[in-house]
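Each remark here refers to the structure printed beneath this line.
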Amino acid sequence: MITQTKQAAGVDRDALVVRMYRQMMAIRLFEERVNDLYTRALMPGLAHLYIGEEAVAVGVCEALTRSDYITSTHRGHGHCLAKGAAPDRMFAELLGKKAGYCKGKGGSMHIADPATGNLGANAIVGGGAGIATGAAFSAKYLGTKQVSVCFFGEGALGQGILYEEMNLAQLWKLPVIYACENNLYNEYTHCSESTAGDMLARATAFGIAAEAVDGQDVRAVHAAASAFVERARAGEGPGFLLLNTYRYRGHHVGDIAREYYRQKQEEQFWTSERDPITLHGQWLIAQGTVDQAGLDSITSEIASEMDRAVEFAVNAPYPDVSEVGEDVYA
Amino acid sequence: MITQTKQAAGVDRDALVVRMYRQMMAIRLFEERVNDLYTRALMPGLAHLYIGEEAVAVGVCEALTRSDYITSTHRGHGHCLAKGAAPDRMFAELLGKKAGYCKGKGGSMHIADPATGNLGANAIVGGGAGIATGAAFSAKYLGTKQVSVCFFGEGALGQGILYEEMNLAQLWKLPVIYACENNLYNEYTHCSESTAGDMLARATAFGIAAEAVDGQDVRAVHAAASAFVERARAGEGPGFLLLNTYRYRGHHVGDIAREYYRQKQEEQFWTSERDPITLHGQWLIAQGTVDQAGLDSITSEIASEMDRAVEFAVNAPYPDVSEVGEDVYA
Amino acid sequence: MPEAAVQVRELTFGEAIREALAEEMRRDSRIVLLGEDVAEAGTTFKVLKGLVDEFGTSRVIDTPISEPGFTGLGVGAAMTGLRPIVDIMFGDFLTLVMDQVVNQAAKVHYMSGGAWKVPMVVRATMGATRRSAAQHSQSLHAWPSHVPGLKVVIPSTPYDAKGLMKTAIRDDNPVVFFEDKISYTKVKGPVPEGDYTIPFGVADIKRQGRDITLVGTSSMVQVALGAAAMLEEIGISAEVVDPRTTWPLDEKTLIESAKKTSRAIVIDEGSFRYGVTGEIASVIAEGAFFDLDGPVRRIGATHVPIPFSPPLEDATVPTERQVFEMARTMCNK
Amino acid sequence: MPEAAVQVRELTFGEAIREALAEEMRRDSRIVLLGEDVAEAGTTFKVLKGLVDEFGTSRVIDTPISEPGFTGLGVGAAMTGLRPIVDIMFGDFLTLVMDQVVNQAAKVHYMSGGAWKVPMVVRATMGATRRSAAQHSQSLHAWPSHVPGLKVVIPSTPYDAKGLMKTAIRDDNPVVFFEDKISYTKVKGPVPEGDYTIPFGVADIKRQGRDITLVGTSSMVQVALGAAAMLEEIGISAEVVDPRTTWPLDEKTLIESAKKTSRAIVIDEGSFRYGVTGEIASVIAEGAFFDLDGPVRRIGATHVPIPFSPPLEDATVPTERQVFEMARTMCNK
Ligand SMILES: Cc1ncc(C[n+]2csc(CCOP(=O)(O)OP(=O)(O)O)c2C)c(N)n1
Ligand SMILES: Cc1ncc(C[n+]2csc(CCOP(=O)(O)OP(=O)(O)O)c2C)c(N)n1
Ligand SMILES: [Mg+2]
Ligand SMILES: [Mg+2]
């Protein structure tokens with residue numbers, strides 16, 4: 001079950017850390033089912049799985065209120081769930097069904113949901129930078145105190161528009177946080193081959209407060225994000241988070257044979273030593289917040305929710321062909 | 001007279017410093033005639049004068065060989081002359097005459113000249129960044145040891161493509177120098193309103209060697225440029241020069257009433273205290289390299305050359321209308 | 001004559017646009033103007049001069065030279081409660097914002113299944129003969145017209161400009177609004193004070209005629225009218241139709257005019273090939289074929305980059321004489 | 001049958017392109033390939049697989065995700081002695097490089113009065129039905145076709161792809177080369193080993209016919225051929241013409257075919273409005289008007305952003321059935 005209410009401040013600490021576990025597990029189990037749907041040829045097209053990076057979306061989104069904005073990427077299911085979307089309508093969208101968040105018109109790379117402040121995933125690398133910055137502009141102009149988070153992969157550091165937006169955000173002190181998910185790869189190319197200089201300096205060059213965080217440590221992500229969100233909400237301007245993480249699976253579901261661009265050992269290191277869910281689960285147990293049985297029951301609860309959501313989506317009808325011409329214009 | 005031969009290394013120091021004076025004066029007197037042509041309604045369209053910034057183009061271009069490349073901007077006459085172009089064909093181009101560098105097809109904002117390595121002025125702010133970087137790519141790939149200089153105003157720091165190019169240049173260690181002419185204004189907007197953070201950091205963020213230089217001191221510009229050129233030629237990669245300067249006149253020849261965006265006192269300070277030609281002339285005299293009479297004779301020599309060049313251009317014929325369809329394809 | 005309730009003044013094209021913007025900004029505080037040198041300078045064409053004095057720098061906002069950046073920001077602002085108007089100084093710089101306009105603004109509503117909308121206006125200029133050369137003279141309205149999700153406005157008169165700008169601002173979709181640079185000060189016409197709107201997708205017959213239909217867009221409407229006057233002298237009655245918006249397109253009016261006159265020429269200032277004339281001529285040909293005396297003819301800018309040199313540049317732009325000659329031949333006179 | 005001097009194999013469309021690139025790169029060391037994941041990955045479509053092994057990473061170069069950046073770099077490299085080929089993974093990303101392609105590459109030669117030239121190929125993909133949604137499915141070839149200074153290639157068969165790619169690489173001008181994604185593996189055909197080129201601006205009659213001309217571009221040639229086969233069954237003889245390059249355009253062949261058959265349909269996968277069909281239909285109508293039985297008709301992609309949902313997406317792309325029905329009606333059968 002995805003908890004829908006979020007109050008960044010004054011929230012009970014225990015409830016927060018357990019919810020973060022739950023949210024990460026929800027993303028993990030959601031994505032496993034996506035892969036399964038793909039393997040069973042039930043899903044049209046491809047999808048980019050967030051497995052391994054769960055702490056990033058969850059740590060950041062738990063620092064936000066429901067009405068705060070996010071923009072997301074081609075690897076967007078995690079952001080979407082972490083911001084509060086319902087798995088059944090997400091699966092429906094992935095299958096191109098009418099019941100999906102976008103009536104089937106968007107698919108995996110374009111899920112959007114005004115109710116949870118999700119301005120949309122984007123299939124253009126760096127494509128959300130303008131939208132997120134614009135949402136922050138609105139928030140400031142209208143005085144709503146909303147904060148906007150722009151999620152993007154480290155590959156988007158290659159896109160010039162990001163620098164244009166960071167310049168605007170810092171000049172105008174906009175409440176936007178640039179959340180750079182550094183999972184080391186741009187598709188099949190290691191980021192060291194595509195990124196000169198220091199990643200954090202790409203933001204500090206504009207005078208933007210920036211911090212590198214262990215993206216496998218959900219509490220560290222949450223703490224850093226909360227600090228930046230608070231600053232932004234207080235009118236002190238943008239922030240940049242460099243979230244060091246790793247995607248366990250292929251660039252997309254079809255990217256199975258990966259040896260030509262990265263070593264199995266590397267993958268194994270991250271999955272066995274740096275898994276954000278395992279690490280956080282161990283911490284919860286060590287703290288005595290929950291025991292293993294408690295974690296197991298969370299997992300099985302979520303598993304059945306996800307199974308029901310998949311079933312809903314698989315059985316849901318496609319849109320009628322006549323709908324193709326709807327929603328072109330508002 | 002514009003000296004055509006240049007040997008960055010081993011050049012006689014006296015000859016160099018005198019030539020730099022001459023070159024700056026040539027730009028100054030060229031531009032004054034451009035303004036005059038505009039005022040007399042002899043020039044089609046507008047032009048952006050380089051007056052006040054002469055030390056930048058001259059200091060940098062004197063650090064280059066004739067076959068090194070430059071890209072230039074809308075404010076490009078200075079770069080063009082400093083790289084060795086002939087004033088008569090330049091004036092002809094400004095007047096849209098067949099004898100111009102571009103057969104009249106380019107005009108003030110597009111003068112290009114393969115013979116002097118001038119890849120062209122560009123009317124898109126930041127538009128030369130890709131071309132300059134690509135020329136450096138060729139030089140490296142072909143092993144020609146050429147260096148490429150990308151001139152641009154500080155306004156181009158707003159364009160994302162600049163960051164994409166700097167990233168590529170540093171990743172691939174390309175022999176390109178980004179020469180940022182900070183004359184404080186993007187058209188009618190002060191750069192502090194358009195530029196967040198530190199300008200030099202915009203380059204160092206990519207690991208690029210960067211240096212700020214007094215752009216009114218032609219010897220300082222030349223020294224800094226020479227060091228970067230040498231590094232680049234030796235295969236050590238790109239450099240970034242921040243050349244602090246000032247344009248004395250309007251953004252373009254028609255920009256007469258400037259009080260709404262900058263103070264007369266500011267202009268007066270630069271023209272009376274910081275004029276690159278006056279400063280360098282004083283230094284030459286103090287050094288005993290030339291006396292005032294020597295400088296005066298340089299000036300009058302150049303003045304007559306420029307007058308002849310204007311006359312040539314004014315009397316030159318327009319291209320035939322039938323030429324409109326030529327040069328579309330090579 | 002009784003005093004009119006609404007006063008009608010002669011305004012230039014540029015003044016009409018400024019008036020529309022000012023009136024709309026008074027009406028709706030969610031409207032913000034973003035662009036390079038739009039505030040104190042009032043744009044390089046001075047079209048927005050004075051707006052910053054009334055609305056302040058929080059609503060008339062000078063941006064860095066970051067067309068993709070501020071256009072993208074506009075998309076996000078439009079999705080979240082504002083109605084931004086972004087200013088692309090020279091339409092040639094649309095090349096820099098196509099991703100934000102085409103992959104983002106135009107598609108957000110559809111991709112989100114109607115969940116989000118983008119009420120945004122992209123103002124851009126068009127038109128040559130200012131001796132500004134190849135990168136400052138293009139008329140690129142064919143590109144956004146090709147993109148589902150966008151609406152595209154190409155007004156020709158001050159009256160139309162004001163009414164269409166108001167419609168653009170009130171529209172809940174991204175609208176690309178093209179303003180002819182030469183018209184800013186050169187074209188004058190009557191403009192009512194106060195509020196009125198002109199619906200999109202409704203062509204305007206700028207001149208009634210019987211023998212031939214001249215379809216003109218933007219400044220080419222003036223060229224068509226000039227040609228029509230010349231044609232009148234040799235006894236040819238030309239009808240001048242101004243589509244006013246390329247999308248939505250008023251196919252009906254175009255087709256009916258051509259059916260009536262049995263001949264049509266489409267005149268547009270964009271590059272000739274794969275431009276606006278191809279679509280409009282095809283629409284007319286498909287709808288009026290059996291009433292046509294001959295093929296629909298087209299005149300666009302010579303298919304070359306726009307040259308700087310005055311005699312060359314002048315040779316690229318469609319002229320009254322060119323339209324006149326073509327029409328005369330078509331009418332066998 | 002005597003043994004042929006040149007061996008002809010069945011290759012896929014993708015293989016033909018790879019072969020053209022490999023042969024040209026062997027011939028001319030100035031050719032470099034730049035793009036995202038072009039080296040070890042051989043592009044996301046695997047079309048370039050293996051090239052890096054032969055030519056090394058100094059000639060097959062993985063770039064950052066910087067389309068404007070590496071395209072701009074390509075322009076400069078082309079001006080200074082190289083012959084770069086830049087890879088725009090999805091044609092949708094052309095939105096990001098229009099400034100480099102249109103304001104720089106296309107205009108450098110003209111603006112410099114012929115002093116500089118830009119021998120560069122921009123490879124881009126096109127085509128829908130891959131369930132990739134609105135930002136990964138567009139066919140944007142109409143845009144560069146509108147731009148003087150560019151040449152635009154839209155091959156439909158492996159044979160054409162190889163020969164046209166070689167011509168593109170050897171051309172001294174910027175060429176935008178569109179590859180249909182579905183065709184990469186789905187379309188197979190005979191391709192001679194070794195060197196041959198196909199000139200630009202020469203249409204190919206892919207099927208001779210008498211009753212109606214079907215003009216198809218890129219993958220729509222297959223659709224036209226499919227429709228022609230269906231039409232044959234009801235006694236209609238369709239001629240299928242493939243322009244192969246939208247610019248230069250072989251007007252003569254198009255017009256002559258239409259004159260001969262007296263009917264024409266133009267089919268293209270780009271968005272319907274202000275796209276390629278408008279220009280080609282207009283050219284045919286202007287040239288063959290008096291030989292036509294009725295108006296030239298057009299079929300393009302439904303004028304909507306491309307939807308993800310399979311039944312919706314399938315409804316946007318022109319089909320054999322659609323062409324067949326239209327042709328049948330036009331032939332009164
Ligand atoms: C502008 C653009 N260029 C290229 C692509 C193709 N593409 C999709 S994902 C991707 C890699 C993105 O890497 P990164 O930003 O690090 O995100 P990650 O996939 O690692 O989460 C690329 C190149 C694209 N979608 N958009
Ligand atoms: C992409 C683009 N945007 C806007 C313009 C209009 N424009 C021409 S010059 C200029 C200001 C440039 O400022 P800067 O780069 O500092 O150069 P300077 O004029 O000061 O030499 C602007 C905005 C342009 N030519 N290109
Ligand atoms: Mg990554
Ligand atoms: Mg400046």
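In the text below, chain A, chain B and the rest are named by the order of the sequence lines, each starting its count at 1. Side-chain atoms are counted along with the backbone in the values below, which use heavy atoms only and exclude waters and symmetry mates.
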Report all side-chain donor-acceptor pairs from residues 149-156 of chain A shorter than 3.5 Å, counting only partners two or more places apart or in another chain.
residue, atom, partner, partner atom, Å
Glu154(A), OE1, Asn183(A), N, 3.3
Glu154(A), OE2, Tyr185(A), N, 3.2
Glu154(A), OE2, Asn186(A), N, 3.4
Glu154(A), OE2, Asn186(A), ND2, 2.7

Can you tell me which portion of [X] sits under 4.5 Å from chain C's heavy atoms? Options are side chain, backbone, both or neither.
| X | result |
| --- | --- |
| Gln146(A) | neither |
| Asp113(A) | backbone |
| Val176(A) | neither |

Which one, [options], leads in non-hydrogen pairs under 4.5 Å with chain A?
| options | result |
| --- | --- |
| Met79(C), Gln104(C), Lys107(C) | Gln104(C) |
| Leu150(C), Asp172(C), Asp171(C), Thr63(C) | Leu150(C) |
| Pro84(C), Ala105(C), Ser66(C), Gly113(C) | Gly113(C) |

* Checking heavy atoms, do the side chain of Val118(C), its backbone, both or neither come under 4.5 Å from chain A? -> neither

* Asked: Does any heavy atom of chain A fall under 4.5 Å from the side chain of Leu34(C), the backbone, both, or neither of them?
  ->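 Only the side chain of Leu34(C) comes within 4.5 Å of chain A.
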
* Asked: Considering residues at least two apart in sequence or located in another chain, which fulfil the ring pair (Phe, Tyr, Trp, His ring centres under 6.0 Å) criterion with Phe30(A)?
  ->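 For Phe30(A) the ring pair (Phe, Tyr, Trp, His ring centres under 6.0 Å) partners, ignoring immediate neighbours, are His77(A), Phe91(A).
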
* Asked: So, the side chain of Tyr329(A) versus the backbone of Pro148(C): is there a donor-acceptor pair under 3.5 Å, distance only?
  ->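 Between the backbone of Pro148(C) and the side chain of Tyr329(A) there is no qualifying donor-acceptor contact (under 3.5 Å).
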
Take a 6.0 Å sphere around [atom1] of [X] and say whether it holds more than 12 heavy atoms from other residues, nucleotides or ligands.
| X | atom1 | value |
| --- | --- | --- |
| Lys117(C) | NZ | no |
| Lys46(C) | NZ | yes |
| Glu286(C) | CD | yes |

* **chain C-proximal positions within residues 130-138 of chain A [heavy-atom distance under 4.5 Å]** =>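 So the qualifying residues are Gly130(A), Ile131(A), Thr133(A), Gly134(A), Ala135(A), Phe137(A), Ser138(A).
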
* For chain C, which residues from residues 159-175 of chain A lie under 4.5 Å away (heavy-atom distances)? -> Ile161(A), Glu164(A), Glu165(A), Asn167(A), Leu168(A), Leu171(A), Trp172(A), Leu174(A)

* Go through Gly127(A), Pro114(A), Ala123(A), Gly107(A) and name the one with the most non-hydrogen pairs under 4.5 angstrom from chain C. => Pro114(A)

* To do: Would you give the length of the straight line joining atom CG of Leu119(A) to atom OG1 of Thr80(C), rounded to the nearest 0.5 angstrom?
  =>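 Going from CG on Leu119(A) over to OG1 on Thr80(C), the span is 7.0 Å.
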
* For residues Tyr141(A) and Arg59(C), is any side-chain donor paired with an opposing acceptor at under 3.5 Å? -> yes

